[in-house]
Amino acid sequence: MLDIKLIRENPDAVRQGLKNKNAEDIVDQILSLDEERRGIIAKVEDLKAKKNQVSAQIPAMKKAGQDTAPIFAEMKRVGDEIALLDGQQGEVEEKIEFILRRTPNIAHSSVPVGKSAEDNVEVRRWLPEGFSFENDYKVLDHIELGKKLSLLDFERGTKIAGSGFPLYTGKGATLERALINYMLDYHLQHHEYKEIMPPVLVNRDSMKGTGQIPKMEEDMYFIEKDGLYPIPTAEVPITNIHRDEILAEKELTIKYVGYSPCFRREAGSYGKDSKGFLRVHQFNKVEMVKFSKPDNSYDELEMMVNDAEDILKALKIPYRILMLCTGDLSFSAAKCYDIETWSPAENKWLEASSCSNFETFQARRANIRYRKEDKKVEFVHTLNGSGLATSRLMVSMLENYQTPEGKIIVPPVLQKYTGFSVIE
RNA sequence: GGAAAGGUGGCAGAGUGGUUGAAUGCGGCGGUCUCGAAAACCGUUGUCCGGAAUUUCCGGACCGGGGGUUCGAAUCCCCCCCUUUCCGCCA
């Protein structure tokens, strides 16, 4: 949620920020509602002060045997008026809340202004030694490889659950599990995260806290009987660990990493990049989440991207880093880097990670604050990033590690996790 | 699924209609004592909103959430949520 004070104090900056993010300009609407709200508050608080003052005298009057009937009558009228104004205040505040909850975050000043994904900026790329975009043999795609080597069975996955619910079999399942364990261990051993294993069903408050609701509600699964949502990412439960809490300054930066399956309806996206693993309803992801002080959150963002990159370097998978432009940023993000890995069969880059700084946007929704040394309480900055998602990574990995004979070499760093070095 | 109890400040825990934002204890912070520390003692210690002033006042709200009764609600009534314990079922 945007800070209403920011809108009040820098209306033009917010207006421009929303425009850059292709969002509706709600500034004037908010300003006028805000003014209305403060007008009502001034009136109602005067009346409440009067009521409190009079109420305080009543015990003494009763003791003295004075007649309280006229005062009661008067206070009854005041009470009615207060109820009326309270109602009005509530309505105005609901309107403000409704708008702000649906208004996206605005981008950090370092983010390039742009309309769509085409305006994203490639920051850097990394290619393993000896890598070439050209191959002198016919590369198979992950679906063909998965079928040929009995690693993936998309048909049966569809039978069991529906399209987009992948079934891993044999060494495919082992490889997936190895990848998850390897990534978790790497972050724990090299990057000082604390491991979390979160619930994968969360309540509505948690979904609101991280900003999936109300805007993205259509893209979420929902278990109506129990009012629970299967998580679209571990970001949701992990960020909500500290919902409604005031953290100590010395605890920050808090760094969590956790694995979870992720569930997404991907409503309306059928047919678009949807074959095999490219777009699925269930996938596995290792997620990094940070709670940071505002003054170093952008350094933390850079470090988080590096943390994800380290894994790809160790796995020797070609990747590039994109800085998303204002128009392509997600609803809650102020700045975001995407990490894309190379798919030789698709002949394109696939998004395998997204690392974002939300500044106070999520913290304000989820009410996550910290107490500074001078005792003042402020919102923390929250960040998260995939470290990384396995599905797209698996595509790149299988395809890049195939041999001309159609075998797959297991990346050396994974071999002690898989217990085998070649899949044939 | 059945039954019972309970949700109060960072934590523990009083408080059943009226100067209660809330006793007390612990913790935290500051001080006295000390070479220093501990102990002891003294003081202090919630969040949000609005206003006035430039960091200090004034006012309001908040005792799980929502609604009701009343001149007045942490306290009474209703609905919802959650937690704990016991029983049942079960990975």
Side-chain angles (χ1 to χ4, degrees), chain A residues 1-9 30-101 197-209 213 222-229 237 240-252 254 261 291 360 362-380:
Chain A
M1 227 163 28
L2 288 177
D3 186 359
I4 195 160
K5 283 189 214 120
L6 181 75
I7 300 174
R8 209 184 282 160
E9 285 157 23
I30 289 292
L31 288 179
S32 93
L33 285 169
D34 185 42
E35 208 167 309
E36 191 183 340
R37 169 173 172 267
R38 282 144 73 192
I40 295 170
I41 286 176
K43 271 193 254 173
V44 76
E45 287 193 350
D46 262 0
L47 290 173
K48 284 179 179 172
K50 186 177 167 192
K51 183 189 86 174
N52 289 342
Q53 221 177 341
V54 172
S55 287
Q57 293 165 358
I58 285 176
M61 290 179 68
K62 279 194 164 173
K63 223 181 229 172
Q66 287 175 284
D67 179 16
T68 51
I71 292 194
F72 284 0
E74 159 85 12
M75 284 303 109
K76 174 82 178 151
R77 276 199 305 279
V78 172
D80 289 346
E81 204 173 335
I82 288 172
L84 188 76
L85 288 169
D86 266 344
Q88 287 177 12
Q89 186 187 337
E91 278 172 39
V92 173
E93 285 176 352
E94 257 174 54
K95 280 186 203 164
I96 293 173
E97 167 112 355
F98 184 89
I99 295 166
L100 288 183
R101 282 215 174 262
M197 192 170 288
V200 298
L201 301 181
V202 300
N203 59 31
R204 191 174 172 83
D205 284 343
S206 294
M207 292 292 269
K208 279 165 109 172
I213 284 180
F222 179 51
I223 299 167
E224 199 166 358
K225 196 171 177 184
D226 298 290
L228 294 170
Y229 297 80
N240 276 283
I241 287 174
H242 295 299
R243 169 153 51 86
D244 292 323
E245 290 186 11
I246 298 176
L247 304 164
E249 182 169 19
K250 61 174 184 244
E251 291 178 80
L252 303 176
I254 295 174
F291 302 82
T360 60
Q362 284 183 331
R364 187 166 279 111
R365 290 176 161 245
N367 195 28
I368 307 169
R369 295 171 292 172
Y370 77 105
R371 193 182 305 278
K372 304 205 293 183
E373 293 295 345
D374 64 8
K375 308 237 163 132
K376 287 218 178 88
V377 174
E378 271 190 10
F379 288 107
V380 299

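Just so we're clear, the structure is a prediction, and the values are computed from it rather than from any experiment. Each chain gets a letter, A, B and so on, in the order its sequence line appears, and its residues count up from 1.
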Q: State which of B:C71, B:G50, B:G46 makes the closest approach to the side chain of A:R37.
A: B:G50

Q: Evaluate A:I368 against A:Q362 for side-chain contact (heavy atoms from CB on, under 4.5 Å), listing each step before the verdict.
A: CA-CA 8 Å; A:I368 307 169; A:Q362 284 183 331; over 6 Å; no

Q: Using whole Å, report how far NZ of A:K50 lies from P of B:C71.
A: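 A:K50 atom NZ is separated from B:C71 atom P by 16 Å.
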
Q: Nearest to the side chain of A:R369, which nucleotide is it out of B:C48, B:G50, B:G46?
A: B:C48

Q: Closer to the 5' end of RNA chain B via nearest nucleotide, is it A:I58 or A:A49?
A: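 Its nucleotide being nearer the 5' end, the pick is A:A49.
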
Q: Answer yes or no: are there more than 12 heavy-atom neighbours, outside A:M61 itself, under 6.0 Å from its atom CE?
A: yes

Q: Between P on B:G60 and NZ on A:K48, what's the gap in Å once rounded to a whole number?
A: 10 Å

Q: Atom CD of A:E35 to atom C1' of B:G51: distance rounded to whole Å?
A: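 Whole-Å distance recorded here is 15 Å.
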
Q: With rounding to the closest Å, how many angstrom separate the P atoms on B:C63 and B:G10?
A: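 Straight-line distance between the two P atoms is 14 Å.
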
Q: Hey, does the side chain of A:R204 come within less than 4.0 Å of B:C80's phosphate (OP1/OP2), counting only N and O?
A: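 So the side chain of A:R204 is outside the cut-off, no N or O lying under 4.0 Å from OP1 or OP2 of B:C80.
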
Q: Say you pick atom C1' in B:A73 and the same atom in B:C62; how far apart are they, in whole Å?
A: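 Rounded to whole Å, the distance is 13 Å.
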
Q: B:G18 and B:U75: how far apart are their C1' atoms, nearest whole angstrom?
A: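 Comparing C1' positions in B:G18 and B:U75 gives a spacing of 11 Å.
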
Q: Confirm from the modelled atom types if A:K62 and B:G18 form a donor-acceptor pair under 3.5 Å, side chain to base only.
A: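 Under the 3.5 Å cut-off, the side chain and the base do form a donor-acceptor pair.
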
Q: Mind calculating the distance between OH (A:Y370) and P (B:G10) to the nearest angstrom?
A: 19 Å

Q: Find the distance A:N52:CG to B:G72:P and express it as a whole number of Å.
A: 11 Å

Q: With both distances kept under 3.5 Å, what pairs with B:C89, Watson-Crick or G-U wobble?
A: none

Q: Tell me which one of A:E91, A:E93, A:E97 satisfies salt bridge (charged side-chain N to carboxylate O under 4.0 Å, His left out) with A:R37.
A: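 Only match with A:R37 under salt bridge (charged side-chain N to carboxylate O under 4.0 Å, His left out): A:E93.
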
Q: Taking only the side-chain heavy atoms of A:M75 (C-beta and beyond), determine which of B:U47, B:G60, B:C71 contains the nearest atom.
A: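 Looking only at side-chain atoms, A:M75 lies closest to B:C71.
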
Q: With a non-hydrogen cut-off below 4.0 angstrom, is A:R371 in contact with a base, only sugar-phosphate, or nothing?
A: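 Sugar-phosphate: the residue A:R371, judged by heavy atoms under 4.0 Å, touches backbone atoms but no base.
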
Q: Using whole Å, what does the distance between atom P of nucleotide B:C49 and atom CD of A:E36 come to?
A: 19 Å

Q: Both distances below 3.5 Å, Watson-Crick or wobble geometry, any strand: find the nucleotide opposite B:C76.
A: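 Because both required distances fall under 3.5 Å, B:C76 counts as paired with B:G68.
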
Q: Run the salt bridge (Lys or Arg N to Asp or Glu O under 4.0 Å) check on A:D46 and A:K50 step by step: do they pass?
A: CA-CA 6 Å; A:D46 262 0; A:K50 186 177 167 192; over 6 Å; no

Q: Check the surroundings of atom CD in A:E35: do more than 12 heavy atoms from other residues, nucleotides or ligands lie under 6.0 Å from it?
A: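 For A:E35, atom CD is not crowded (no more than 12 foreign heavy atoms under 6.0 Å).
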
Q: Please give, in whole Å, the distance from B:G51 P to A:I41 CD1?
A: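 Value for this atom pair: 8 Å.
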
Q: What interatomic distance, in whole Å, is found between C1' of B:G28 and the corresponding atom of B:C71?
A: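 B:C71 and B:G28 have their C1' atoms separated by 41 Å.
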
Q: Can you tell me how far P in B:C82 sits from the matching atom in B:C89, rounded to whole Å?
A: 24 Å

Q: Should B:G30 form a Watson-Crick or G-U wobble pair with both distances under 3.5 Å, which nucleotide is its partner?
A: B:C42

Q: Which value, in whole Å, describes the distance between the C1' atoms of nucleotides B:U8 and B:U16?
A: 14 Å

Q: Applying a 3.5 Å limit to both distances, which nucleotide forms a Watson-Crick or G-U wobble pair with B:C35?
A: none

Q: Which part of the nucleic acid, if any, lies within contact of A:D46, taking any heavy atom under 4.0 Å across all strands shown: a base, the sugar-phosphate backbone alone, or nothing?
A: nothing

Q: Need the pair for B:U16. Rule: Watson-Crick or G-U wobble, both distances under 3.5 Å, any strand; none if unpaired.
A: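 With both distances under 3.5 Å required, B:U16 matches none.
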
Q: A:E45 side chain: which of B:U47, B:C49, B:C71 is closest?
A: B:C49

Q: Please determine, for the side chain of A:P59, which listed nucleotide (B:C49, B:G51, B:G18) has the closest atom?
A: B:G18

Q: Starting at atom NZ of A:K250, determine the distance to atom P of B:G27, rounded to an integer number of angstrom.
A: 15 Å

Q: Output yes when a side-chain donor or acceptor of A:R365 lies under 3.5 Å from a complementary backbone atom of A:R101, and no otherwise.
A: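 Side chain of A:R365 to backbone of A:R101, a donor-acceptor pair under 3.5 Å: yes, one is there.
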
Q: With rounding to whole Å, what would you report as the distance between B:A74 and B:G13 at their C1' atoms?
A: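 Roughly 14 Å separates the two C1' atoms.
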
Q: Nearest of B:A61, B:G51, B:C71 to any side-chain atom of A:R38?
A: B:G51

Q: Searching all strands shown, indicate the nucleotide that pairs with B:A22 (Watson-Crick or G-U wobble; both distances under 3.5 Å).
A: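 Per the H-bond distance test, none.
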
Q: Using the side-chain contact (heavy atoms from CB on, under 4.5 Å) rule, take A:L100 and A:I7 through it: C-alpha gap first, then chi angles, then the decisive distance, then the call.
A: CA-CA 11 Å; A:L100 288 183; A:I7 300 174; 3.8 Å; yes

Q: Any chance you could lay out the side-chain contact (heavy atoms from CB on, under 4.5 Å) test for A:F379 and A:D3, step after step, and finish with the verdict?
A: CA-CA 11 Å; A:F379 288 107; A:D3 186 359; over 6 Å; no

Q: Identify the nucleotide, in any strand shown, that forms a Watson-Crick or G-U wobble pair with B:U84, with both distances under 3.5 Å; if there is none, say none.
A: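 WC or wobble partner is B:A4.
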
Q: A:V377 near the nucleic acid: base, sugar-phosphate alone, or nothing, with a heavy-atom cut-off under 4.0 Å?
A: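 Here A:V377 touches the backbone only, sparing every base.
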
Q: With rounding to the closest Å, how many angstrom separate the C1' atoms on B:G59 and B:A40?
A: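 Per the computed distance, 41 Å lies between those C1' atoms.
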
Q: Which part of the nucleic acid, if any, lies within reach of A:R364 when heavy atoms closer than 4.0 Å are counted: base, sugar-phosphate only, or nothing?
A: nothing

Q: Using Watson-Crick or G-U wobble geometry with both distances below 3.5 Å, tell me the partner of B:A53, or none.
A: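 Its partner: none found.
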
